[in-house]
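Notes follow once the structure below has been shown.
Note that these values count all heavy atoms, side chains included, but never hydrogens, waters or copies made by symmetry.
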Amino acid sequence: MANVTDLQTKYSKLAQEYSKLRAQNQVLKKGVVDEQANSASLKEQLKQRDQSLRKQEQEMDSLSFRNQQLAKRVELLQEELAASEAKGKKGKWTSGNSPSQHGLQTQSVFDEDLQKKIEENERLHIQFYEADERHKKTEAELRERLEKLEKDAEQHHGVVDGLTTKYAETIERLQSDKARLEVKAQTLEREAKECRMRTEDCQQQLRRCQSELNRQVKQSSSVIQEKVPFNDTSEYLRSVHCAAFQLKARDVAGQAMSFIQDLVAALLNVHSYTEQRVHIYPLDSSIETISPLNQKFSQYLHENAAYVRPLEDSFLQLYQSITEDTVTVLETVVKLKIFSDNFSSYTHFLQKILPYQLKSLEEECEAPLCTAALSAKNQELQSDIKRVTSVFEKLQNYINLLALPSVRQDAMPHSNTSAVFTQLAACLHSLHDAIKEMSKHYNQKADIERELPTVTQKLCTTTECLLGSLGSLTSCTGKIATFFSNNLDFFTSSGYSPRGSTAALNPVQAESMLANKKKATAYIQAVKKPQSVPYREALSNRRILTSSTESREGLTQQVQQSQEKIARLEQEKEHWLLEAQLGKVRLEKENQRIAELEAQLAAALGGTAAELKAAEKEPTLCTSLVLLRDRSVGDEESREQLIKSHYMARVGELTTQLQISDSKAVHFHSECRALAKRLAIAEKSRETFSEEVKLANQNITRLQDELATTKRSYEDQLSMMSDHLCSMNETLSKQREEIDTLKMGSKV
C-alpha cells in the first residue's frame, strides 16, 4: 500500500506539473502570436517608411535637378550681367542716365531673385539633411527592434520546443506509471485469487487433518486403553534433547550477537559519513550555507545513534536471557519483543529520512557541474535506497510476527512458524542483494565524481570512507543471510512441547517446568536413593495431573458427569437391594414349600408296618432332611456371596474403565476444541485478508476517482488562469500600442 500511495502522490505531482506546463505553453503561444503580429506590423511600418524614404529621395532628386537648373540660370544671369555691365561701360557716354538706371533696376531684381533661390536651396538642403537623419535613425531603431523581436521569437520557439518535449516526456511517464499501476492492480487481483485458492486448499487440508487426527485419536485411544495405560520411558530422552537444544540455542544466539554488533557498527558509519557528505556536497558548509533541506536531513542523520544503538543493547539482553537453565521457544523469549520494538523504531527512522535523502540526490542532480551520467547514477541510487527501505519494512513485519507469541500465545499458529522463518531468510538475502547493488552504484558514482574539476580532497576522503562503510555493511548482511539459512532447520524445529500435545509451551508452563526441574534436582541431591513410586499410585497421580491441567469447563463437565454416574449407581444400588429382597422372599417361600413337603411325606408314611419301620427310621430321615435343608441354605448363602463379590468386582472394573474413558474423552474434547479454535482463527484471518483486499480495491478506486476529479479541477482552474492571462496580455499589448502611438505623436 505504501508503494501505491507513493505512485499516486507522484502521479498527482506530475499532473500538477503538467497542468502548469500546459498553462505556460498556452501563455507562451499567445505571446508568440502577439510577437508575430507585432513583427508583422513593424515590417509593414518599415515598408511604409521605405516607401516614404523613396518618395523623399525622388523629391530630393527633383530638387537637386531644379537646383542645378537654377544654378545654371544664375550663371547665365551672371554672364548676362557681366555682358550688360561691359556694354554699359562702352555706352556710358552715349546712353546717358536713363539706361544706367534701367540696368540698376534689372540688377536689383536679379539679386533679389538670386537671394531667394539661394535661401530656398539652403532650406531644401536643411530639410533633406533632417529627413535623411530621421530616416537613418528610424531605420536603425526599427532594425534594432526587429533583431530584438527575432531573438525573442527564437527564445520563445526554444521554450515552446522544450515545453513540448517535457510535456511529451511527462505524458510518457504518466502513461508508464498508469500501465505499471494497472499491472500492479492485476497482480494484486491474481494474488487475491491465489490467496482464496490457498485458503480453500488449507480448509480442505484442515478437514483431512481433522479426519486423520480423529482416526489416529481413536486408534491411539484403543491401543492405550488395551496395552499402554501409563508410559514413562521417554523422559530421559526428552531431558537430553532439551539440554542439547538449549546449548545449541545459546551458541546460535552468541553468533547472532557478533553479527548484530558488526551490523550496528556498519550502520552507524554509513549514517555518519552520509551526514559529513551532506555538509560538503553540493555546497560546502564551511564556505556557504547549505540548503534548508540538507540542514534538516543532516539533523535527522545526527540522531541515528539513538535508533541504531538500542538494536545492539536489546539483542544483548536477549542473548543474556538464553541460558542452559531456561526454556528457549518463541513463547518464552520475552526479550525478543524489545528487540522487535527497537527494530521497528529504526525502520521508522529510515522511512523518515527517505524523502530527504531522495531530495538531496535531486539537489545534486541540479548542481551546475552535474553531468548526465552522474544524474543517471543518482537516479539508480534513489531506486536502491527505496528498495533497501522496503526490505527493512518487510524484516520489521517478520520480526514482529516472531515476537507476537511471547505477548499472546494464540497470536500465531505454531504451524506457521517455519513459513515465517523461511520468509525471513529470503528477506535477509534480498537485503544483502539490495545493499550490494547500492554499494556498486555508489562506487560508479564516486568514479564519475573524481573526474569533475571542482571535486575537493575532503569530498574524496569522505566518499572513500562511505564506500568502505557500505562494503562492510554488504559483507555483514551477507554473513547474516548465510548464517540464518544454515541454521534454518534449527529455527524451524519444534524444540520444547508438552508431552501428549502438539502445542508449544507458554511462559507459565515454562516457569512451572523450570521450577519442577529445580525441585527435582534439589530432591535428587538431598536424597541419594529415592523410593520408587508404585505403579498404581503413579496411575492415580497421572489421572490427577491430567485432570488438574484441564480447563474449568472440562472440570465442570467432569463434575456433572460424576453426578450423573452417582445417580446411575444409586439407581443400580436400589435395583440390587430390591433384587436381594426378592431373593429373600423366594428363599422363605422355598423353605415353606420344603416344610409342607416334609409334612405331607410324614403323613403318607404313618399307620402301617412300614410306617413302624419308618417310625423307627424316622429320626434318621428327619435328621437327613434337616441336614439336606441346612446344606441347601449354606449353598444358597455361598452362591449369593460369590455372585455379590463377582458383581461388586465387575462394578469396580466398569467404574475404573468409565473414569479412564471419561478422562480420555475430556482430553480428546479439549484437543478438538483447540482445533476448532484454530479453525475459527484461520477463518477470521481469511475474512480479515479478504476485507483488506476489498478495502485496498476500494481505496484504489477512490484514489482514482479523486485523481480524476483533482485533474479536472486543476485543468479548469488552469484554463481559467490561461484565459485571464491572455486577456491581461491583450490589455498590455493595447496599452503598449497606445504608448507607442503617443510617443510617435510627440516625436512628430
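Of the charged side-chain nitrogens involved, none lies within less than 4.0 Å of a carboxylate oxygen, so that Glu687 and Lys684 do not count as a salt-bridged pair.
The shortest side-chain heavy-atom distance between Cys427 and Val391 falls under the 4.5 Å cut-off. Using a 4.5 Å heavy-atom threshold, the side chains of Leu402 and Ser340 count as separate. Within the 4.5 Å cutoff, the side chain of Asn304 has no heavy atoms near those of the Leu267 side chain. For the pair Leu679 and Leu675, the minimum side-chain heavy-atom distance is 4.5 Å or more. With contacts defined as side-chain heavy-atom distances shorter than 4.5 Å, the pair Leu431/Leu395 qualifies. Residues Leu707 and Leu703 form no side-chain contact, since every pair of their non-hydrogen atoms from C-beta on lies 4.5 Å or further apart. Under the 4.5 Å side-chain criterion, counting only non-hydrogen atoms from C-beta, Met438 is not in contact with Arg387. Between Lys335 and Ile322, the closest side-chain pair of non-hydrogen atoms is not below 4.5 Å.
For the atom pair CZ (Phe421) and CZ (Phe490), the distance works out to 9.0 Å, reported to the nearest 0.5 Å. In this structure, OG1 in Thr477 is found 8.5 Å from CG in Asp433, a value given to the nearest 0.5 Å. The line from CG of Asp262 to CG of Leu473 is 10.5 Å long, rounded to the nearest 0.5 Å. For the atom pair Arg686 CZ and Glu200 CD, the distance stands at 8.0 Å (nearest 0.5 Å). The NZ atom of Lys694 sits 14.0 Å away from the CG atom of Asn699 when rounded to the nearest 0.5 Å.
Under the rule for a side-chain hydrogen bond (donor to acceptor under 3.5 Å, both in side chains), Glu191 has no partner lying at least two apart in sequence or in another chain. Among residues two or more places apart in sequence or in another chain, the ring-ring contact (aromatic ring centres under 6.0 Å, His included) test is passed with Tyr398 by none. Gln698 meets the side-chain contact (heavy atoms from CB on, under 4.5 Å) test with Leu695; sequence neighbours excluded. Residues satisfying the salt bridge (charged side-chain N to carboxylate O under 4.0 Å, His left out) criterion with Glu691, sequence neighbours excluded, are absent altogether. In terms of the salt bridge (charged side-chain N to carboxylate O under 4.0 Å, His left out) criterion, Lys436 has no residue partners (sequence neighbours excluded). Legend: residues meeting salt bridge (charged side-chain N to carboxylate O under 4.0 Å, His left out) with Glu706, ordered by chain and number and at least two apart, are Arg702. Residues that satisfy the ring-ring contact (aromatic ring centres under 6.0 Å, His included) test with Phe689, not counting sequence neighbours, are absent from this structure. A search for side-chain contact (heavy atoms from CB on, under 4.5 Å) contacts involving Thr389 returns Leu350, Gln351, Leu354, Ile385, Glu393, not counting sequence neighbours. Looking at residues two or more places apart in sequence or on another chain, you find no side-chain hydrogen bond (donor to acceptor under 3.5 Å, both in side chains) involving Ser345.
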Considering only distance and modelled atom types, tabulate donor-acceptor pairs under 3.5 Å from the side chains of residues 305-319, sequence neighbours left out.
{"unit_1": "Ser314", "atom_1": "OG", "unit_2": "Pro310", "atom_2": "O", "d": "2.8"}
{"unit_1": "Ser314", "atom_1": "OG", "unit_2": "Leu311", "atom_2": "O", "d": "3.1"}
{"unit_1": "Ser314", "atom_1": "OG", "unit_2": "Asn342", "atom_2": "ND2", "d": "3.2"}

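The salt bridge (Lys or Arg N to Asp or Glu O under 4.0 Å) contacts involving residues 417-431 comprise nothing, where partners must be two or more places apart or lie in separate chains. For the ring pair (Phe, Tyr, Trp, His ring centres under 6.0 Å) condition, the pairs that include at least one residue of residues 247-266, sequence neighbours left out, are Phe259-Phe483.
Under a cut-off of 6.0 angstrom, the local environment of NZ in Lys352 is crowded, with over 12 non-hydrogen atoms contributed by other residues, nucleotides or ligands.
With hydrogens and angles ignored, the 3.5 Å screen pairs a side-chain donor or acceptor of Ser485 with a backbone N or O of Ala481. Of the possible donor and acceptor atoms, one in the side chain of Gln382 sits under 3.5 Å from a partner among the backbone N and O of Leu358.
Scanning all heavy atoms of the two residues, the minimum distance from Phe339 to Ile260 falls at CZ-CD1, 4.5 Å. The minimum heavy-atom distance between Thr347 and Phe392, with the atom names listed, is OG1-O, 3.8 Å. Considering all non-hydrogen atoms of both residues, Cys476 and Leu263 come closest at SG-N, 3.3 Å. Ala403 approaches Lys337 most closely through the heavy-atom pair CB-CA, 3.9 Å.
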**Message:** Is there a side chain to side chain contact (heavy atoms under 4.5 Å, CB included) between Val388 and Ile435? Walk through the geometry before answering.
**Reply:** CA-CA 7 Å; Val388 170; Ile435 295 177; 4.1 Å; yes
**Request:** Quick one: do Lys248 and Asn487 satisfy side chain to side chain contact (heavy atoms under 4.5 Å, CB included)? Show the steps, please.
**Result:** CA-CA 10 Å; Lys248 179 68 175 177; Asn487 293 281; 3.6 Å; yes
**Request:** Please lay out, stage by stage, how Phe349 and His271 fare under the test ring pair (Phe, Tyr, Trp, His ring centres under 6.0 Å).
**Result:** CA-CA 11 Å; Phe349 169 72; His271 293 312; 5.6 Å; yes
**Request:** Assess whether side chain to side chain contact (heavy atoms under 4.5 Å, CB included) is satisfied between Ser344 and Asn400, documenting all intermediate values.
**Result:** CA-CA 8 Å; Ser344 300; Asn400 289 338; 3.4 Å; yes
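Side-chain contact check for His432 and Thr474: no donor-acceptor pair (N or O, by modelled atom type) lies under 3.5 Å.
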